[in-house]
Trainee: 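Following this message is one structure expressed as structure tokens.
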Amino acid sequence: MGNVLEIKPLSRVEGHGTVRVFLTGRKVESVQLNLSESPRLFEALLVGKPYDELPEIICRICSICSSVHRVTSLQAIESALGVDISETTGLYRELILAGGQIESHSLHLFCLVLPDYLNATGFADLAAKAPTELKAGLRIKAAGNRIQEIVGGRLIHPANLVPGGMGKHPTLDQLKMLKDELQTVLPDAEKACKLFGTLNTPLHQADLAQPCYMAVQNEDSGSLPTKQLVMSNGEHADITRYRELLTEQVVPHSNAKQCRAGDVIVTVGALSRLNLGIQLESRSAQAFFDARAQLLGAHMTANTLAQGVELIHSIERGIALIDALLDLSGPLELRAPFQIHKGSGTAALEAPRGALIHKYELDADGICTGADIVTPTAINQSAMERDLYSLASALTGADDSDLARQLEILVRAYDPCISCAVHIVRI
Amino acid sequence: MVRHFLPDNSLGQFLDGLSLFGALHGPVRTTEGVEVFGPVRTESDLLLNYRRTLIPPKKYLLPPRQTILNYTVAAGYTLPDEPEPHIILFGVHPCDLQGIAYLDRVFLGDRPDRLYRRRREAITLVGLSCEPDEFCFCTSDENIPRNADLFLQHVEHGFLVSAVTSKGEEMLDGLGKLLASSRITPQTSAEHRMMTRIREVARSGKTFPDSPLWERFAARCLSCGACSVCCPTCYCFDVLENGALDGTTADRFREWDNCLFRAHGEVAGGTNFRPDRRERFHYRYLHKYLGFGTLAGVPACVGCGRCRVVCPVDIDLTELFTEDGDACS
Amino acid sequence: MHAPEFDSVPIPARIQTIQQLTADTALFRLKLEEKLPSVFIPGQFIQLSVPAGGEIPISPADLPAEDGTMELCVRRFGHVTSLLHRTKEGDQVGIRGPFGNGFPVDAMSGKDVLLLAGGLGIAPLRSLLFHLLRHRSDVRSLTLMYGAREPAVMLFKNELLDLANTGSLRLLLTVDFLTETCQTEPACNVGLLPTLLKGVQLEPGHSCAAVCGPPPLYRCTIDELLRAGVVEDNIYLSLERRMKCGVGLCCHCAVGQYFCCCDGPVFRYRDIKDIPGAL
Amino acid sequence: MTRPTLAIAGLTACFGCQLTLFNCEAELPTLAECFDFTYFPMGNSRHDIGGEFSAALVEGAVSTPDDLETLIRLRSRSRILIAFGTCARWGGVAAMNNHLSREAMAESVYGKGTVLTGSFNPGPLDRFVTVDFSITGCPPEKNELLATLAALLHGTLPVFPQYPVCTECRNRECLCLLIERGEPCLGPITQAGCNARCPAVSIKCEGCRGPVTEANVASELEMLQEKGISREELIRRMRRFYPEWDYGQRA
Ligand SMILES: Cc1cc2nc3c(=O)[nH]c(=O)nc-3n(C[C@H](O)[C@H](O)[C@H](O)COP(=O)(O)OP(=O)(O)OC[C@H]3O[C@@H](n4cnc5c(N)ncnc54)[C@H](O)[C@@H]3O)c2cc1C
Ligand code: SF4
Ligand code: SF4
Ligand code: SF4
């Protein structure tokens, strides 16, 4: 007789998800990952709205990724309208992305996954079991959030970022304060990264498939806008041609579409970025070097450690960006001028969880006539399901609660962001 | 009163001298271009020919939100003891000086308010003469308002400086070398027609009960609160108390309220003594122009013109006093 | 008389006993840890602080006793009163006051005194009643007319009946409507409070009335009182407004050009009858 | 002292309201001590929805049978049910196009014959259950969340301002975008509490906190139309967080 083990809701992740393991006796037949968030029809909400409202609406697709959605959306619109943003605007956008990454990675590392390592049920339990680690993590997280609040005007759904530039520049005092705060938490982040490198992983060591990594990149450094989608199997494409690389299919058991590169199941996120070689600053480069044996060619269970390395990286990057901003002089342009016309624009950025792509069609009045959004969790979904199956098979015979716990830990390693993953995409 | 001449090019040193007595604040421009009272870092920050700041100096005396009591289980309710830093408020126009004089009557009258007094005593007022524009109708009773500690009048190539209070004299003592004696007599201004009307109306206690303007005001008013926030003499406040996260202590604070808000006239159970905006405008009129309690008959409006400037729907209560409004009474 | 200042600090007080009178009303007996700064006159109010809730005006329901105890009869109405109703015996609250002008007890001497209480309005009038009973010989006659919504919510009923039995007080009770179970209630009229005044005739100039109740009560009672011969000068009304400071600073409680907190809460009818929205 | 038990759950939303709790970095360890986070899937893997809750904070609009089931379950087990955030209070972004038929909307984008099973037009919590209190905002403000939690510890709920964003905007002495730049700022009709975040960075208020009780909606529309902004645009913007404005309301 077949029976089903259901994990519902997936806990300590962002969004609503369910895992179902289909068993015959003790044998695992299949695993289904259902990203069950209710569809909010975001693309439908965008159609008919003027270009300047799109970023304001679309950032609400997800709170944790709101900054990166907002910036990606702005870049896509600006590409459609041919807007040349100023150096200042570019730096601020990168800065808020660094802040978003610090916030997102530390939320995930300290509040959502650290409990797995320390046998705690969640942050509240952790506050009793490992108060020092939790507090250090929260300090790092706060530094990331302070960037989002000061640059974005709001901690979530940054209001200050608009087509062409921003409403107001932070003051020099604010920038200096941010820099101080980042400098203070940098050692904390290094310590945390070491911690995740040395703690015993709570995950059963199963033979998971070697991932095919994917990331968006520029030929030169990490600056905006990004141009290329690259994969570890050597394939690559200009971001405007993302649809030729990534295909999507509806699966009946999930509210999110699954995304593949042809037949290849791809993986995005921190681990992919490190494996595809992002440019690191000095201390994150050292951290990466120290952990390279655990990271290079690794499967997604190493993603947590990769996020630890990136945490250092985004703090360093934040400091460098603030230095660059402090060096700017003279009257700074708030918003670049532009004309509204018909056009189509695509932009891709690395969100904390991996590649994020926005594409819009605008008519002559700047009204949106079509929108397409590809999110990292939608891309990762196939790989997640594949790995869940391998892990469940490797755990044949385990009792239900152990199996459920292990599968949840694996899902968490992917740091899924289910709210943004679920939205039906126009093809 | 002796007047001294301060040449333009000595102003910087004069300000340096003043700042020995406290932190220098005055009219400055924010990055968005709003004229406000704020800290003055250098002489060039200072707006010497500003029209009016968005919020009057009342924010220094009665901040928008202020903790008035702390509660702990052990000590019960206690007064907060924040020390008030000494502030030299430079460049206060006569209308705003009158506004402060009015607030002084309210808060230092027969029921003095300790928190107000503490802030009031920590502030030194340096007045500055101004040029009226089409919005304002201020008239000071004397040429030099009596509640300024020092008063500066714009004249050609400089200012006429007068010490009005002993505090003012004390400050001038150290600054003597910057000043020359002066024989210039500044012009005196006549009372503005609008202010004359307001004073007449206050004396007669007219209430314009039948003016059609009330309906017009009530229909348009957004209850946005700007007119009260920006008025130098609006002082209605609400009091609220919040428990702290420790589960035992609490803070009580007061914050600016507005008589055009619905909650202003509410009592428990939802009964409202001023349920619609029309009644609330009446109330505003009565309080602002005719005065309540011990200040009955004393118009609170000092003619700074702020409420006319900041209203997004162009409501102007003084229309009641112009021919049309009057004709309907 | 000098009222406390707005920034006066509440005097700590402990809740000694809580007596539930009806489903939503309770009598709180408080013990003040310090003396009030001035003598309490019936009709005056105090500002009651419930920590973490805030401060509300309440008229004490009796005369504060020598030992520093005071009774407050409070109905659960909203934010602060709900929190008060969650307190336990021994909990700490705070008291400022007394504030405002009470009933002019001297002006009542030698007169026929009529107390008219609607609903919770009995609370403030109870302290006046106690005062007058203590100086019973000063007034010619003393009548309390008290109306409640239904018998179940009639406050202090046994106490009032006991007082009436001593003969020093004429007590007339009424309820807006009778519920099935209470049909046998003794000496209780059915109808709104003004119906008790029907047919009453008093000597103008030698009678006075003190009224306290919800706003609609005033509107329907005054005409009846005037008809019964009580002159405008001798009708005293205790008004309710939102009071945040108690000393005429916060400006919420204005009644025309008066402040309810310092010019009231007890007003002479003649002084406010022409003020729109006063009642 | 027994710790209050909390349920924190998300329906159809972006998780920003729950994230706001995590964003209270300085207070999180204290909160962990003061409260028992009994049911909190996003923060806790021990999910038992069986017990009784002192309070339930529910994020998001109701748009699936699952949402409704969670909501009703929490309602029946909680002493206080708090609508947490604009979606829960007003419907929020997902509800902005509720005036169009959901099927038609899906079809207009994805082509004829698209069927959306298992979900319906998103609506606020109070359409389905009694709501005791709400913390509005998209995202909600940290300090309002903390004030609410603190008040719960004291056995009460906080009192939030009932005036519009303009009042806070003026208090902060921001440039008025409506008067000085003629922009369709929704500050005059939007519930305060954010301390005018957006005008403070010279961005017009988009109304993310929903209507203020005494909004003079009709006058705001007239005034902005006089400035040359079309009624359609205004209504579209106003609908972004709350689709059911009374456009004729004056008080
Ligand atoms: C002179 C006088 C005597 C009174 N005597 C008695 C009496 O003996 N017994 C009795 O039961 N009642 C009495 N009342 C009425 C009593 O004051 C009200 O019932 C009480 O204020 C209700 O407070 P609440 O917070 O429970 O009600 P709410 O309806 O919540 O609040 C009442 C008013 O205060 C505002 N408010 C609400 N919460 C707060 C807050 N936290 N901080 C600030 N404002 C808030 C509301 O906007 C409303 O206008 C008297 C009133 C007056 C004026
Ligand atoms: S009423 Fe208007 S003009 Fe008069 S003082 Fe107040 S803001 Fe100035
Ligand atoms: S900018 Fe907007 S919120 Fe601020 S005062 Fe103007 S209209 Fe109001
Ligand atoms: S200003 Fe308006 S849009 Fe911005 S946070 Fe406040 S309510 Fe929301």
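Sequence lines set the chain letters: A, B, ... in the order given, protein chains first and strands last, and positions in each chain run from 1.
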Trainee: Under 4.5 Å, counting heavy-atom pairs only, tell me which of A:I156, A:I57, A:L45 racks up the most with chain D.
Mentor: A:I156
Trainee: Could you walk me through whether A:Q148 and D:N23 satisfy the side-chain contact (heavy atoms from CB on, under 4.5 Å) test, starting with their C-alpha distance in whole Å, then the side-chain angles of each, then the deciding distance to 0.1 Å, before giving a yes or no?
Mentor: CA-CA 11 Å; A:Q148 303 208 86; D:N23 283 349; over 6 Å; no
Trainee: With the side chain counted from C-beta on, respond yes when D:M96 and A:K49 share a heavy-atom pair under 4.5 Å apart, and no when they do not.
Mentor: yes
Trainee: Would you please name every residue forming a side chain to side chain contact (heavy atoms under 4.5 Å, CB included) with A:P131, sequence neighbours left out?
Mentor: none
Trainee: Judged by atom type as modelled, is there a donor-acceptor pair below 3.5 Å linking the side chain of D:S45 to the main-chain atoms of A:T121?
Mentor: yes
Trainee: Under a 4.5 Å heavy-atom cut-off, does chain A meet the side chain of D:F35, its backbone, both or neither?
Mentor: neither
Trainee: Atom CG of A:L155 and atom CG of D:L19: how far apart are they, to the nearest 0.5 Å?
Mentor: 8.5 Å
Trainee: Measuring heavy-atom distances to chain D, does A:A124 have an atom under 4.5 Å in its side chain, in its backbone, in both, or in neither?
Mentor: both
Trainee: About how many Å separate CD of D:E25 and CZ of A:R139, when rounded to the nearest 0.5 Å?
Mentor: 11.5 Å
Trainee: Please classify the contact of A:I64 with chain D as side chain, backbone, both or neither, using a heavy-atom distance under 4.5 Å.
Mentor: both
Trainee: Under 4.0 Å between a Lys/Arg side-chain N and an Asp/Glu carboxylate O for D:R237 and A:D52?
Mentor: yes
Trainee: For residues A:L138 and D:P29, determine if any side-chain heavy atom of one lies less than 4.5 Å from a side-chain heavy atom of the other.
Mentor: yes
Trainee: With only heavy atoms counted, which part of A:N145 is less than 4.5 Å from chain D, the side chain, the backbone, both or neither?
Mentor: side chain
Trainee: Counting only non-hydrogen atoms closer than 4.5 Å, does A:K135 touch chain D with its backbone (N, CA, C, O), its side chain (CB onward), both, or neither?
Mentor: side chain
Trainee: Is D:L11 close to chain A through its backbone or its side chain, or both, or neither, when contacts mean heavy atoms under 4.5 Å?
Mentor: backbone
Trainee: What residues form a salt bridge (charged side-chain N to carboxylate O under 4.0 Å, His left out) with D:R73, not counting sequence neighbours?
Mentor: D:E69
Trainee: Please look at D:D66 and chain A and tell me whether the side chain, the backbone, both or neither of the residue comes under 4.5 angstrom of a heavy atom of that chain.
Mentor: side chain
Trainee: Set out, in order, the CA-CA distance, both residues' side-chain angles and the distance that settles side-chain contact (heavy atoms from CB on, under 4.5 Å) for A:E14 and D:Q18, then state yes or no.
Mentor: CA-CA 9 Å; A:E14 193 260 7; D:Q18 297 185 73; over 6 Å; no
Trainee: To check you understand the geometry: which heavy-atom pair defines the closest contact between A:H157 and D:P139, and what is its length?
Mentor: CD2-CD, 3.6 Å
Trainee: Run the side-chain contact (heavy atoms from CB on, under 4.5 Å) test on D:C208 and A:R154 for me, step by step, so that the C-alpha distance in whole Å, both residues' side-chain angles and the decisive distance to 0.1 Å come before the verdict.
Mentor: CA-CA 12 Å; D:C208 82; A:R154 227 175 1 203; 3.5 Å; yes
Trainee: With a 4.5 angstrom heavy-atom cut-off, could you sort out which part of A:L107 is near chain D: side chain, backbone, both or neither?
Mentor: side chain
Trainee: Can you tell me how far apart CG (D:L28) and NZ (A:K141) are? Round to the nearest 0.5 Å.
Mentor: 8.0 Å
Trainee: On a heavy-atom basis, which atom in D:M42 and which in A:L112 lie closest, and how many Å separate them?
Mentor: O-CD2, 3.3 Å
Trainee: With a 3.5 Å distance limit and no angle check, can you tell me whether A:S63 reaches the backbone of D:C14 through a side-chain donor-acceptor pair?
Mentor: yes
Trainee: Within this structure, what is the CG-CZ distance for the pair A:N160 and D:R197, rounded to the nearest 0.5 Å?
Mentor: 11.5 Å
Trainee: Can you run down the ring-ring contact (aromatic ring centres under 6.0 Å, His included) pairs that involve residues 6-32 of chain D, sequence neighbours left out, and say none if there aren't any?
Mentor: A:H16-D:F15, A:F123-D:F22, D:F22-D:F40
Trainee: Top residue by heavy-atom pair count (under 4.5 Å) with chain A, among D:R240, D:E233, D:E141?
Mentor: D:R240
Trainee: Which of the residues D:G43, D:C24, D:C17 is involved in the greatest number of heavy-atom pairs with chain A at under 4.5 angstrom?
Mentor: D:G43
Trainee: What's the spacing between D:K142 NZ and A:E149 CD if we round to 0.5 Å?
Mentor: 7.0 Å
Trainee: What part of A:R412 gets within 4.5 angstrom of chain D, counting heavy atoms only: side chain, backbone, both, or neither?
Mentor: side chain
Trainee: Using a cut-off of under 4.5 Å for heavy-atom pairs, which of A:G122, A:P115, A:A142, A:A127 has the most such pairs with chain D?
Mentor: A:A142
Trainee: Among D:A13, D:G60, D:A61, D:G10, which residue forms the greatest number of heavy-atom pairs with chain A at distances under 4.5 Å?
Mentor: D:A13
Trainee: Quick one: which residues of residues 83-94 of chain D reach chain A at under 4.5 angstrom, heavy atoms only?
Mentor: D:V93, D:A94
Trainee: To the nearest 0.5 angstrom, please state how far the CG atom of A:L41 sits from the CG atom of D:N97.
Mentor: 9.0 Å
Trainee: Considering only heavy atoms from C-beta outward, does the side chain of A:P50 approach that of D:R236 to under 4.5 Å?
Mentor: yes
